[in-house]
Structure formats: C-alpha cells, structure tokens
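What follows is a single structure, written as structure tokens, with notes after it.
This one's a predicted model, so the numbers in the text were calculated from it and none came from an experiment. The sequence lines fix the lettering, A, B, ..., with proteins before strands; numbering per chain opens at 1.
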Amino acid sequence: MKKVQWNNPVIRWVDERLPVFSYMNAEYNEYPMPKNANYLWSFGGIAGFMLVAMIVTGVLLAMQYTPNVHMAFNSVERIMRDVNSGWLLRYLHANGASMFFIAVYVHMARGMYYGSYKAPRELLWILGVVIMLLMMATAFMGYVLPWGQMSFWGATVITNLFSALPIIGEHIVTWLWGGFSVDNPTLNRFFALHYLLPFVIFGVVILHVVALHEVGSNNPAGIDVKGPQDTVRFHPYMTSKDAFALTCFLIFYSYWVFFNPNALGHADNYIPANPLVTPTHIVPEWYFLPFYAILRSITFKFFWIVPAKLGGVICMFGSIALLALLPWLDTSKVKSARYRPIYKWFFWLLVIDLVGLTYVGGSPAEQPYILIGQICTAYYFLHFLVILPLLGKIEKPLPLPKSISEPVLGAKESA
Amino acid sequence: MAETTPTPGMDERHEEAHADGVTRREFIYLTAGAMGAVGAGSVIWPFINSMNPAADTLALASIDVNLAGIDVGQAITVTWRGKPVFIRHRTADEIAQADSVKLDDLPDPQPDSERVIKPDWLVMVGICTHLGCVPLGQKEGDNKGEFNGWFCPCHGSQYDTSGRIRKGPAPANLVVPPYEFLTDTTIRIG
C-alpha cells in the first residue's frame, strides 16, 4: 500500500500511526479498475449498500420489536401502526431483503458469465459463497421474527430438515428448537442470531473486498490488466458510475416499498402463528424457491439406499456447496463467456433452469410440477458436474484480444 | 447541450469560467451536493423520528385521578407517563408554611400560589430535579427533610411543603405537571 504524505497535520499524525487514510486512498480512490467494466460491476457495491441499509433499518426495528411468542406479532403490528415511520422501516427492511438477494444474485451471475471465479480469484469467489450462505441463514431467521403463520411453519419445516440426518437428526432438531417444537426459546435464539449474523457478514465482506483488491477486478474481456493504460482510477470514474447505478436500483427498490410493499411477502404471515393449524400452501420467500424446489424434487430413494427425505436435504445443501467448487469444476482457461461460444449458451440455459426451479418451488407439490422440478434439478447438477468439466476440454474458444484497450482502440484504428 | 465542447478525454478539463468566475463544474457540484443532502436528510429524519414516542405511548399521556378518598394530611403517588406523581392533601399548617417563605430565600423563586390550582391540593412530578431519584416524604415515617416536605436520599436535596428546592444540589423546584380539576374531587393529569 502506498503511503501518502498528507498536508493536513492531524490526518498525517493519525496516518503515521494507523494508516486508515492511506488505506482508503489506495483502495477507494486510486484503486485501478479495468476501464471496460460494465454496469454489472456495480452490483457488488449495490449489495454492500443493501447490507448497510438492512443493518440500519434492522437496528431501529430491533428497538421496537419484542422476541416473545405472546408479544412478537403484536409488536410488529405496533411498529406498523403506532411507531413514527415504523411502516417505512419495516417495509424497507422486508423488501430490502429481496433487493439484497437480487443484487447478490446479479453479482453472482455476472461472476459466472465473465468467469470471475477463476484463478487467481477462487478464494474471493468462495468468500462470496460464504456470504450468500450467511445471508440465507439470516434472511430465514428474520422471516420467523414477525411470528405469523408463514414464520412459524417456515421455521418448523426448515428446522425439520435436520431430522433427516440419521441417528443424530432428532437430537439436532431438539437442540435447534430448545424444546420439542418451534416455540419461545426458538424465537429468542433466532432473534439473537438474526442480530448477530449481519455483522459476521460485514466481516466476511471486508475479507471479500481485501481479497478482491489483492488480485484486482475481473472485466468483461476476462483478460488480465496489462498496465495503467487498461485501467481508470476508482474515484471519480467508478464512484460516479456506481452512484448512478445505485440511484437506478433505489428507484426500483422504492417501487416495492412505496407502491407494492406486500407483493413479495405472503398474506398468511398476517395471521398470528398457530401451532395447531398449518397453512394449506407453505412457500418460502422467492429467493429460496430454487433450492426449495430441489429439496422437494427428491421424491424417491437415492441410489436405492438414501431415503428421499435425506436425499432432498443433501441435494439442497449440495446445490449451494457445489458453487464453492466452481473454480475447479470449470476446466476452461478462458474466463469471459464472450470468448466461449458454447459456454455462453449453457450459461443462459442455467439461468432458464433456475427460473424453472423458482417457478416449481412456488407451485404446489403436485404433477406436472414435480416432474418439471426433477428435470430442472437434474439439469442443475448436470451443468456443474458434467457440462462444465467437459466443456473446457471440448470447446474451442474465440481468439482473445491482446489487451483490454485493443477491442476499442484497435477498432478505431482500423476504421 | 449545444454549448458543450466535445471532450476528447475526461482528464483534459475544458472549464469555461463565467464572468463571475464560477465554472459549470462548480455549479454542478454544489447543486448535486445540495440535492444529495436534502435526499439524505429526508431519509434520515424518519429513521431518527422512529425513536420518538410512538402513537400508543402518546395515547397513554393523560390520566384521571379521584381525590375523594384522600384525607387532609395524606398523600398518594400515581403513575403518569411512567413517572411518579405526588398528590398531597395539605394541612392548613403546611399551606401557611409554604406561603410564609420569603421568595428571596429560595434558590428557584416561585410563590406557592403559582404551584397549585387549589391550595389544599399539591400535585407534582415526584422526581428530584438533580439526577432523577424519587424523593422521600410520601409515607408516614419518611424523612421529610428540614422543611417538612420531601427529602431526596440520593444526594440530599430538600424540598418544602410546596415542593420547592430549599437545600442541596437540585437546581429547580419539583415540576408541576399540567393538570385540571374535572370535578371538585377529580383531576386529569396531562
């Protein structure tokens, strides 16, 4: 890191003892960003903004919320009716979870399209998968807190997943619940963890950014930066670009918060939790639907010995764990799908597959959805375990440009 | 915009200073910054305001108290907005004591007549104006201090029979809450 000789004596005094100013200058002012980065590169920053927005609104909500089975539901209603701007805080937080996942899913899809997970960015990618796992746990526990019907039964179904584990399963579930069903101890610990995990996420995000700035950002061409002519300073070029992207994203976010605040939730969650009545149609939040569909697709014994219940759980967690192995499953040396004529199509097939899984996950567990879900699940694993390893050997990539500047400047010179 | 000069590169700054020396860039910085500040403020204010008392808290802000059962010389404590409110049915002697004090002797000069609606009834928030403890003097055997009123055990502030500070670290008299007589024997506090 380059030490800066600051003119301001106070800043210099601090910086010589704790180089925070030099660090900020190196990482967020002078940081060389590949100059061909497109707007998809703004979604990391947008996701970071959403994390902060969730923490700020969440801390304020926690000041009004009561984690007790007798009071939780009413305390949320009090936030909606009596607390000054409580409705705004809650709708920002509830819809913010969806916006956070949208930003992160776009961010991940960008990484997959442009091969951002390949060497030397494997660890950067794995840290990202860790962040996504932590986000999923946090979002799930947050959804339990209002203690409506979907909260209660969502918690019951998801914690029961662990009962699929042989021998220890039942003990783990009892341990998770702190009792013999989802009840007050469960709600209390979920609240404690829901408050804790965002700060853990924040810590992993810092590692994610440190790892990123160590190896440098990938770019749409997927080739290495050759020198200063291939980059621009982070500030003002990327800060202004990201600010514009964020503004557009906030308009989208505002639409949900102010005009359609309950569209992404479920009406059943406005019914207080009732341990004696299960809602007819339990669905998780939209961002869990693909994984939920994979879980439900395993309706048969796996390899003739693994029971369907355990098989479903293994496949669901496996579908996420697989992402961490992506840097080694993709055998192609070429990063960007721009220069991978076949992979480009398989990428979009995977997107369609995930849309299909989302659709199936939100549909009732009956035919033809079960069959569609099984086909989509099979394809998901086929993509990562068969197609990607083979494609790297078979595919003939297009010629790579010599530098990031070449596709632009070269075209100009020849024109 | 028609007058914009074509910029070959962002680093070559074509700054056209106007007659008053203000560049277009400075103007844009300033207006964009101002709009940003307004936007940030309009988001931050509801966030901060959410920590203010909520509607249901404010709805509990007034209480009615029946005074019928309180004999002369007795005192009761009621809760209003989560705070103790002292209501004392004063004796003629106590009223006379409160009236006889010279205002110059008081750290926070206020005649007794300004502190009561009916001289028989003294209504005050029972919180010491020093650091918020509840003074003694409501119960029969309590230490009432040198002035026969209230005595704060935390730091030794002493109040007289009108609830005025007489001695000790407290800076001001016990606060009289807004209240009114609904009937001869009922008051509404708040």
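Looking at heavy atoms from C-beta onward, B:Arg90 lies in side-chain contact with B:Val116 at the 4.5 angstrom threshold.
Side-chain N/O atoms of B:Gln110 and B:Arg115 include a donor and acceptor closer than 3.5 Å. No side-chain donor from either of B:Asn148 and B:Thr161 sits under 3.5 Å from a side-chain acceptor of the other.
The aromatic rings of A:Phe21 and A:Trp6 sit perpendicular, their planes meeting at an angle over 60°, well past the 30° parallel limit.
Contacts between A:Ile79 and chain B at a heavy-atom distance below 4.5 Å are absent for every atom of the residue. Only the side chain of A:Val56 has a heavy atom closer than 4.5 Å to any heavy atom of chain B.
The choice from A:Arg78, A:Arg81, A:Met63 that makes the most heavy-atom pairs within less than 4.5 Å of chain B is A:Arg78.
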